[in-house]
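Report on one structure; see the data block that follows.
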Amino acid sequence: MRTLILIASVRRSLFRGDTERAAFLGKILRLISDILRQGTGLASQEAYHEFCRLLGRLKANYQLSEMMATAEDWQEWVDLVARFSEQSFEQWHVSGNSLQYILSLWVRLVAAVPYVHGDAQASEVLALENAVARVTAAYVDSMLGSAVKVAGDASLEDPLAEEDQVAEQLDRLSSLVRYQYQPIATALVMRFDATLGRYQQLVAGPGAQAGSLAGAEVEALEALEGQLVWLCSLSGAAVGAQGWSGQTTEGHEVLDGNLARRCFQLAQVVDYRLESSGGAGRCGERLELALLFFLSKFRRAYLSEPVPNTPPNGSGNGSRQGDDSMGDGGAHLAGTNRSRSEPNSARVEQMGRSLAGGAISGGGTRAALSLAGRSGLLPGPLVLGTPVDDLSWEADPRGDGTGPLTTKQRLTLGMLDALGLFGADQTLALGSVLGRVITNLRFWQGSERVLDSTLSLFLELATGASGSAERLFGLEPCAQLLANHSPSHLPFLRDESGRRMRTKLHGALARLVFFQAPNEMEAAFEAFVAPIVQVVRDLSGLDPAALAAASSSGQSGSPGSPVREALLGVCRDLRGIAEAANSKKAYLLLFDALFREGTFGIFAKCVGAFASDPKAVNAVFKFLSEFAHNRAQRISFKAHSANGVLLFRELANAVAAFAAANPHVVNPGAANSCGSGGAAGGA
């Protein structure tokens, strides 16, 4: 098999002409067909893997049109390879490392279809389309089946455990899904509805509410969550593969909206379980990561460019896009059930009413969780807006003479219609994404992976182009988060792993503040940074003896005193804010807040007091290094201002304090040279 790979990879220059090369390709295709018919050597795991590599390598050397014209029976060849792919997916437990090569072949075949010209090969292209639909459906069904088998047999290795491999497969599979999007998306929606309905019934049961599931229920819950991980990840990969070229297929945005709708409904069910159990009923970590993966892809595809609101009195034909186009797949939603005679139907109805009424709320930032209930992303039938037929509005939707909508804006409106938000801009969808972020920050204490992915999503929202930060800043949950970002409001900040994420959190929050209009930025920043400045003020009020006592308590890996923890926290917070202050206006606001009361000198004092504590010294110097970084020429003071001198003096004091406390670190050769009397000592 390895020899066949080398033979199939020979260069075009080795042949005397196209005729000879075509004959060579025909023999390779015939050989592959014979191997697939007879199964020659495929019983060996090593030979099977090399054969998959041969399939993955084939298209890299030959064009699709050449393969179609050269094969003795192209349709039979495609059918044989498709059947082999289906069998390989079914045997995922032994062929996991080989699946990427199989998917690579199909992706390359699909990518070459636009370059196949002429009606003579129309039947060959149709055969490829049918095969792609079969292969993709087989992959989805096999992965969903793997979740059930892994939950029932602990000896099996879960494909989801190989995260890099899964990410690579999803990246390739997204091209296949978009190629035959209508049938594949319809199938995904039907599977999503069925799985989500069973999951909702299970988590609404009395055992799940009391936290005492039986053995069979635990296994069923693991299986359903594993299936939902795959469905949510596949939906994210499909939506994220949306293209915005002139060849974008009309109608695909509706399919995106239908898939997104199921993922948002899944998030609501997960939130209900979390809130009803007081935070104890968290879903599996992989399911939460899959939701974050989908939201990240959804944001990049549909929330990066703003679209105007539809006119208040828009008229239309009243036709509904969205779930009605999906057949039976749209009939079963997360908040309704086909049969009210099922044991948990009353509890499921209660769940739907709680979500729809915005009952998920509480102190601090909990109000954000009710946003999904108010945004229209509700379980049950959605009341959609009316599509607009006002051509004058379409010609100039903004009313400012800028012209018609772009392709991306037009398709985004279609997606919002399918999602149930027609007549609104993306603010409601952004609010639902923000609600997911706040939920995780409140409840996922101790899970570094979930928190890191959540903060990465939040940072994407805060740094998004085209006004997403401005729209986020106007949401009430965002205002609450900006006002309540201390460890007392966000428990994960008290953990060691969570404390390391303070820089990313405050960097994202500061970006939201700095995106405001100049006349509003100053007041918003003062309110945001006030708790942090208060910590700096409290540290400045300590005498040297208190600092020395605090430094001695943090040695030998012990947690340390409250003073030490406050120093670490405030330095990480300020470093994140300094990273976000990329403009002169933003930097000057931060500078004034820290130097206004003459408390900035506490950092130099802390360097001297905590000189033997590497973690504390590193935290201080990382902040000072970022604060002194003249990124984008942001450090610019007026000619008559002494701010530059003040900044230099405080930074020099910090360096001098460290040098005085650690002479052997600053000049490591000094100790050895003192007694040597050599040239080094004189130098």
Side-chain angles (χ1 to χ4, degrees), residues 196 199 203 225 228-229 231-233 235-236 239-240 259-276 279 281-304 334 355 358 360-362 364-379 419-421 426-445 447 449-464 468-469 471-472 475-481 485 489-492 501 504-505 508-509 512:
L196 183 55
Y199 181 69
V203 300
E225 287 195 348
L228 289 171
V229 169
L231 289 169
C232 197
S233 300
S235 299
V239 172
L259 289 174
R261 185 172 177 174
R262 271 70 187 177
C263 292
F264 278 114
Q265 288 169 345
L266 170 61
Q268 291 183 34
V269 175
V270 169
D271 286 350
Y272 176 84
R273 179 188 176 194
L274 194 61
E275 285 283 343
S276 62
R282 297 196 310 198
C283 66
E285 187 179 81
R286 287 175 182 163
L287 180 55
E288 187 59 49
L289 290 173
L291 282 170
L292 294 172
F293 172 78
F294 163 78
L295 292 175
S296 177
K297 296 292 185 180
F298 179 79
R299 186 208 66 82
R300 295 175 188 176
Y302 286 106
L303 302 182
S304 60
L355 289 170
I360 301 178
S361 60
T365 58
R366 292 191 182 187
L369 299 180
S370 63
L371 184 63
R374 301 188 189 116
S375 67
L377 304 176
L378 305 176
L419 193 56
L421 299 178
Q426 305 110 312
T427 302
L428 297 177
L430 275 171
S432 294
V433 178
L434 178 62
R436 179 98 249 118
V437 170
I438 296 177
T439 300
N440 291 351
L441 295 182
R442 290 183 53 235
F443 289 110
W444 279 92
Q445 180 181 4
S447 178
R449 296 176 62 207
V450 170
L451 290 172
D452 186 63
S453 297
T454 299
L455 290 175
S456 296
L457 175 61
F458 187 35
L459 192 60
E460 290 179 10
L461 291 172
T463 57
S468 64
R471 286 175 285 164
L472 272 180
L475 296 175
E476 178 62 24
C478 184
Q480 293 184 12
L481 185 57
H485 49 84
H489 300 98
L490 300 175
F492 81 94
M501 301 179 189
K504 183 182 290 188
L505 171 64
L509 292 173
L512 290 176

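All residue numbers refer to positions in the sequence shown, counting from 1.
Of all non-hydrogen atoms in Cys283 and Val270, the two that sit nearest each other are SG-CG1, 3.8 Å. Taking both residues in full, the closest heavy atoms of Leu455 and Lys504 are given as CB-CD, 3.3 Å, listed atom of the first, atom of the second, then distance. The nearest pair of heavy atoms linking Leu434 to Pro477 is CD2-CB, 4.1 Å. What you find for Leu266 and Leu228 is that their closest heavy atoms are CD1-CD1, 3.7 Å. Pairing each heavy atom of Cys478 with each of Leu512, the nearest pair is SG-CD1, 3.5 Å.
A salt bridge is defined here as a Lys NZ or Arg NE, NH1 or NH2 lying under 4.0 Å from an Asp or Glu carboxylate O, and Glu460 with Arg299 meets this definition. Salt-bridge check for Glu275 with Arg282: failed, with every basic side-chain N at 4.0 Å or more from each acidic carboxylate O.
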- request: Apply side-chain contact (heavy atoms from CB on, under 4.5 Å) to the pair Tyr302 and Val239, showing each step before the final yes or no.
  value: CA-CA 9 Å; Tyr302 286 106; Val239 172; 4.0 Å; yes
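From His489, atom NE2 reaches atom CD1 of Ile438 across 12.5 Å, with rounding to the nearest 0.5 Å. Within the model, atoms CG of Leu231 and OH of Tyr199 stand 13.0 Å from one another, a figure rounded to the nearest 0.5 Å. Going from atom CD of Glu225 over to atom CZ of Arg286 covers 11.0 Å, rounded to the nearest 0.5 Å. In this structure, NE2 on His485 lies 6.5 Å from CG on Leu509, to the nearest 0.5 angstrom. Note: Arg300 CZ to Leu295 CG = 11.5 Å, rounded to the nearest 0.5 Å. Distance check: Ser456 OG to Leu461 CG gives 11.0 Å after rounding to the nearest 0.5 Å.
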Return all side-chain donor-acceptor pairs below 3.5 angstrom for residues 287-294, not counting sequence neighbours, or 'none' if the list is empty.
residue, atom, partner, partner atom, Å
Glu288, OE1, Arg436, NH2, 3.3
Glu288, OE2, Arg436, NE, 2.8
Glu288, OE2, Asn440, ND2, 2.9

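For Phe264 and Phe298, the distance between ring centers is under 6.0 angstrom.
Proximity of Leu505 to Phe492: side-chain heavy atoms (C-beta onward) are separated by under 4.5 Å at one or more points.
Counted by atom type alone, Ser235 and Lys297 present zero donor-acceptor pairs between their side chains at under 3.5 Å.
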